[in-house]
Amino acid sequence: MKKIDLLTPIGIFIGLTALLAAIYTNAAGSGELTDFIQVASMFIVLGGLTAAMLINFSISDLRVLPKVIKETFQTKELNLQELIDTFVNLSSRARREGLLALEAGLEDVEDPFIKKGVLLAVDGIEPDIIKDIMMAEVVAMEERHRKGRYILEKAGEYAPAWGMIGTLVGLVLMLQNLNDPATLGPNMAIALLTTLYGTLLANLVFNPMANKLALSTEEEVFVKQIVVEGVIGVQSGQNPKILEEKLSAFLPNHIKTEEEEVLEEKVVNG
């Protein structure tokens, strides 16, 4: 089940707050937010970035962008111990009642990947084939995620580039009007603020979001590997205790330590 990931909006908020704090607490003490709002610079960066994205990607690719961005504001609850317990229970039932009995108990399982694996096992498919089928789905998932993440990565590349283009535009305008001191300030603002806008978008929004999605994909692949091993163990009739020990090898060290402490406490309390 997915829930809202507050770290993404909190991170963006902290980044913007730090920037505003730097503006208002500068040494001269004369910083104003309006000094950093330049419509021409925004047009160059946002317009150029939009144009580059339209050229680089197809409409079907860009349609998934809102969904990709939405994923960075969500997180999936992962309880690895609960996942392991699920396969231990399935293994116990399979040894007690047979593989065919597992199909009736799948209503309580929410994960479609687990359901698919168990149904393949119930159908009597060979373990190697089950593993190939399930890992093919994992590879396909990785590719889908990579394509969505690639859009953000390219936006992170183009935004600073268009910032530099805006800087060149501002410098050209400034050099062409050196005889008019009144134009030097606005043209210099365009030159500097476009770089600021492009760099800010890349390093506070696009690149962090892309990296977050990459970590999320790695985590999801890791969980699916546990599922594959669990399904193979259930299908091959492994002893539930052995299967539990095998799957527990995937648990992070801090979770293992907590489990060991709980077991020790149970032993002490008799």
Side-chain angles (χ1 to χ4, degrees), residues 5 7-73 145-216:
D5 185 359
L7 292 180
T8 298
I10 288 174
I12 294 175
F13 174 77
I14 291 176
L16 293 176
T17 301
L19 183 62
L20 292 174
I23 292 173
Y24 284 106
T25 60
N26 64 89
S30 59
E32 293 291 340
L33 181 60
T34 53
D35 296 336
F36 290 82
I37 298 177
Q38 173 57 251
V39 177
S41 297
M42 293 181 184
F43 279 152
I44 292 174
V45 174
L46 296 179
L49 176 60
T50 301
M53 297 296 284
L54 290 173
I55 295 171
N56 198 111
F57 298 100
S58 66
I59 292 297
S60 60
D61 291 332
L62 294 176
R63 280 176 181 166
V64 305
L65 184 57
K67 183 179 179 181
V68 171
I69 294 176
K70 182 181 177 182
E71 288 292 324
T72 64
F73 289 86
H145 289 191
R146 186 197 65 78
K147 286 183 177 179
R149 187 172 67 248
Y150 184 63
I151 298 175
L152 291 178
E153 291 173 348
K154 295 306 291 185
E157 291 180 17
Y158 291 143
W162 276 98
M164 289 301 300
I165 291 172
T167 296
L168 295 176
V169 170
L171 290 176
V172 169
L173 293 174
M174 185 180 68
L175 293 174
Q176 287 179 341
N177 295 277
L178 287 177
N179 294 328
D180 186 0
T183 64
L184 295 181
N187 290 334
M188 180 60 75
I190 294 176
L192 297 179
L193 288 177
T194 47
T195 297
L196 174 63
Y197 293 159
T199 305
L200 189 64
L201 283 173
N203 294 287
L204 184 61
V205 180
F206 297 130
N207 289 335
M209 282 184 173
N211 289 333
K212 188 163 197 171
L213 290 175
L215 293 175
S216 177

Exercise. Do the side-chain N and O atoms of Tyr158 and Asn56 include a donor-acceptor pair separated by under 3.5 angstrom?
Worked result: yes
Which atom pairs, one a donor and one an acceptor, fall under 3.5 Å between side chains of residues 198-209 and the rest of the protein, sequence neighbours left out?
residue, atom, partner, partner atom, Å
Thr199, OG1, Thr195, O, 2.8
Asn203, ND2, Thr199, O, 2.9
Asn207, ND2, Ala202, O, 3.3

For this session: Walk me through it: do Ile165 and Thr194 pass the test side chain to side chain contact (heavy atoms under 4.5 Å, CB included)?
Result: CA-CA 8 Å; Ile165 291 172; Thr194 47; over 6 Å; no
Problem set entry | Listed partners of Phe73 passing ring-ring contact (aromatic ring centres under 6.0 Å, His included), at least two apart | none
For this session: Would you sort out whether Leu152 and Leu65 count as a side chain to side chain contact (heavy atoms under 4.5 Å, CB included), showing the intermediate values?
Result: CA-CA 8 Å; Leu152 291 178; Leu65 184 57; 3.9 Å; yes
Seminar exercise, completed: Sorted by chain and number, sequence neighbours left out, side chain to side chain donor-acceptor pair (under 3.5 Å) with Tyr197 holds for none
For this session: Specify the closest pair of heavy atoms between Ser58 and Ser60, including all atoms of both residues, with the distance to one decimal.
Result: OG-OG, 2.9 Å
Problem set entry | Side-chain heavy atoms of Met42 within contact of Ile37, under 4.5 Å | yes
For this session: Could you tell me the separation between the NZ atom of Lys67 and the OG1 atom of Thr72, rounded to the nearest 0.5 Å?
Result: 13.5 Å
Exercise. Thr167 side chain to Gly163 main-chain N or O, any donor-acceptor pair under 3.5 Å?
Worked result: yes
Problem set entry | Nearest heavy-atom neighbours spanning Glu153 and Ala210 | CG-CB, 3.6 Å
Problem set entry | Residue list, side chain to side chain donor-acceptor pair (under 3.5 Å) with Glu157, at least two apart or on another chain | Lys154
For this session: Determine whether more than 12 heavy atoms belonging to other residues, nucleotides or ligands lie under 6.0 Å from atom CD1 of Ile59.
Result: no
Seminar exercise, completed: All heavy atoms of Ile44 vs all of Gly166, minimum pair found to be CG2-CA, 3.7 Å
Exercise. Considering all heavy atoms of both residues, which atom of Trp162 and which atom of Leu49 are nearest to each other, and what is their separation?
Worked result: CD1-N, 3.8 Å
Exercise. Is there a side chain to side chain contact (heavy atoms under 4.5 Å, CB included) between Leu213 and Glu71 once you walk through the steps?
Worked result: CA-CA 8 Å; Leu213 290 175; Glu71 288 292 324; 3.8 Å; yes
Exercise. How far does CZ of Arg63 sit from CD1 of Ile151, to the nearest 0.5 angstrom?
Worked result: 12.5 Å
Exercise. How would you list, by chain and number, every residue that makes a side chain to side chain donor-acceptor pair (under 3.5 Å) with Lys212, sequence neighbours excluded?
Worked result: Asp5, Thr8
Problem set entry | Considering all heavy atoms, the nearest Pro66-Leu62 contact | CD-O, 3.8 Å
Pairs of donor and acceptor atoms involving the side chains of residues 10-20, under 3.5 Å and at least two apart or interchain, shall be tabulated with distances.
residue, atom, partner, partner atom, Å
Thr17, OG1, Phe13, O, 2.7

